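As structure tokens, the structure follows; a few thoughts come after it.
Just so it is clear, the model here is predicted, and its values are computed rather than measured.
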Amino acid sequence: MSATEKEAGNAAATSKWSFTASTIGHDVDMEGLTCGADACANSIYIGDEYNYIYKLDWSTGAVSMEWDLGSIVGSVPEDKGIESLTYASTTGHFYAGIQETATIHVVSLSTSPATTTNTDAANTNTPNTDGSCTATANYPLCAAPTRTSQYVRKEIRQLTTAEWDKIVKAMWIMKRETFESGTAKYGASFRPYDYFTVKHAVASTDSRGDEAHFGAHFMTWHGAFVLEFEVCLKAIDPTIESCPYWDEAITTPSVWTDTYFGADPGPETNYQVRTGPFADWPVQANFNIADYERWIADNST
């Protein structure tokens, strides 16, 4: 059978972007291109053989984010890292093929590059849904306890509208109820919002030294502090899974909008906001410490 020559096609460049070491800040060896969740409507993802993934935005023609997969991929020669890259809309994960190890890594790219997560089963060891653990190729059996009531804390912009509304309503209840009325309605875990303000202020201004900051105790003190706040939220509304957190490294969408925190700063007395779900939130400048003495222990002796 003889080969038949086909008519040559024509290719024309409609747009092009510079993608070199001079624009990225380090060497580049492009190996794979793939769309993301928006099906390339606004951006494209680029896999680089130095084990970086870049997000290139069409509107600016510039890289808006990058993820270093070095800790996931491990030590491989510089010219034998990511060789292929694709995205699966059904899972929301990216799949990176590594030339040196002939391994496909399933990765979840968060909006905070430093927290890129490897979901490859051979390279993780997390508890199963029933709390038990299974050994993997690269990790021994973990010793996590059986799951009981663990829950996930989400970044505030990961919450659904319904989830955020529940948090807002619970916080308004904390603001409006007193110790006595709140405890009667919601049980012993209830705390009024201003209790937390006073607790933080007292810990920070203790004459013996700051009890909440500037030391290793920062993490444990604030961990217990947030947990107490979270338990109160859940006492008010048991359908609230957890207390959300705010990652200030994420700037889009802004939290200083009517959806979340309102204007920054609030324009009124004591910086009260006039917009958003916390509009006209009363800001108390002076507190009667006697209202909180039951919660303050004198450990000076």
Side-chain angles (χ1 to χ4, degrees), residues 151 153-157 159 162-215 217-248 254-300:
Y151 41 80
R153 289 176 178 167
K154 299 178 181 178
E155 206 280 333
I156 186 172
R157 284 152 291 194
L159 297 175
E163 290 172 332
W164 175 233
D165 286 345
K166 291 179 181 180
I167 298 290
V168 171
K169 290 177 181 177
M171 289 180 63
W172 271 108
I173 289 173
M174 292 169 65
K175 186 64 177 177
R176 290 168 173 158
E177 298 286 350
T178 64
F179 267 118
E180 290 69 23
S181 63
T183 300
K185 293 177 182 178
Y186 305 108
S189 295
F190 177 83
R191 303 283 187 273
Y193 183 89
D194 288 338
Y195 157 85
F196 292 97
T197 304
V198 172
K199 185 171 187 175
H200 193 272
V202 168
S204 301
T205 58
D206 193 306
S207 60
R208 296 163 295 181
D210 193 326
E211 297 179 355
H213 307 88
F214 308 113
H217 57 290
F218 178 94
M219 295 297 292
T220 52
W221 192 95
H222 283 85
F225 183 74
V226 172
L227 179 61
E228 187 176 19
F229 190 95
E230 185 173 64
V231 169
C232 180
L233 290 176
K234 292 170 69 66
I236 295 170
D237 184 350
T239 66
I240 293 175
E241 181 180 10
S242 60
C243 178
Y245 65 93
W246 166 35
D247 184 349
E248 63 180 8
S254 173
V255 295
W256 307 111
T257 65
D258 290 353
T259 301
Y260 298 108
F261 298 160
D264 172 36
E268 304 300 327
T269 303
N270 297 327
Y271 304 106
Q272 276 182 282
V273 296
R274 291 297 188 211
T275 60
F278 298 106
D280 301 317
W281 179 276
V283 178
Q284 187 174 349
N286 299 300
F287 295 87
N288 182 359
I289 201 65
D291 294 339
Y292 303 92
E293 284 181 346
R294 78 188 83 174
W295 306 103
I296 301 174
D298 183 1
N299 298 317
S300 59

Verify, without hydrogens or angle tests, whether Lys154 (side chain) and Pro244 (backbone) share a donor-acceptor contact under 3.5 angstrom.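 No; judged by distance alone, with no hydrogens or angles, the pair does not exist.
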Answer yes or no: does atom OH of Tyr186 have more than 12 heavy-atom neighbours from other residues, nucleotides or ligands under 6.0 Å?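 Check passes, neighbour count above 12.
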Salt bridge (charged side-chain N to carboxylate O under 4.0 Å, His left out) contacts touching residues 168-177 (sequence neighbours left out): Lys175-Asp194, Glu177-Lys185
Minimum heavy-atom distance between Arg153 and Cys243, given as atom pair plus value: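 Heavy atoms only, the tightest pair is CG-O, 3.5 Å.
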Which atom names give the shortest non-hydrogen contact between Ile236 and Ala170, and what distance separates them? CD1-O, 3.6 Å
Sub-4.5 Å side-chain heavy-atom contact between Leu233 and Met174: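 Touching, per the 4.5 Å side-chain cut-off.
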With sequence neighbours left out, write down each residue that passes side chain to side chain contact (heavy atoms under 4.5 Å, CB included) with [X], or none if nothing qualifies.
X: Pro238; result: none
X: Val168; result: Trp164, Trp172, Pro277, Phe278
X: Phe225; result: Phe196, Lys199, His200, Trp221
X: Thr275; result: Asp258, Ala263

The criterion is side-chain hydrogen bond (donor to acceptor under 3.5 Å, both in side chains); which residues satisfy it with [X], sequence neighbours excluded?
X: Glu155; result: Arg157
X: Ser254; result: none
X: Asp165; result: none

Inter-residue atom distance [X].[atom1] - [Y].[atom2], 0.5 Å rounding:
X: Asp210; Y: His217; atom1: CG; atom2: NE2; result: 5.5 Å
X: Ser242; Y: Leu159; atom1: OG; atom2: CG; result: 7.5 Å
X: Tyr195; Y: Thr178; atom1: OH; atom2: OG1; result: 15.0 Å

What residues, two or more places apart in sequence or in another chain, satisfy ring-ring contact (aromatic ring centres under 6.0 Å, His included) together with Tyr245? none
Is it the case that the ring center of Phe261 lies less than 6.0 angstrom away from the ring center of Trp246? yes
For Glu211, which residues count as a salt bridge (charged side-chain N to carboxylate O under 4.0 Å, His left out) partner, sequence neighbours excluded?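 Once residues adjacent in sequence are excluded, the partners of Glu211 under the salt bridge (charged side-chain N to carboxylate O under 4.0 Å, His left out) criterion are Arg208.
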Who passes salt bridge (charged side-chain N to carboxylate O under 4.0 Å, His left out) against Asp237, sequence neighbours left out?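 Residues passing salt bridge (charged side-chain N to carboxylate O under 4.0 Å, His left out) with Asp237: none at all.
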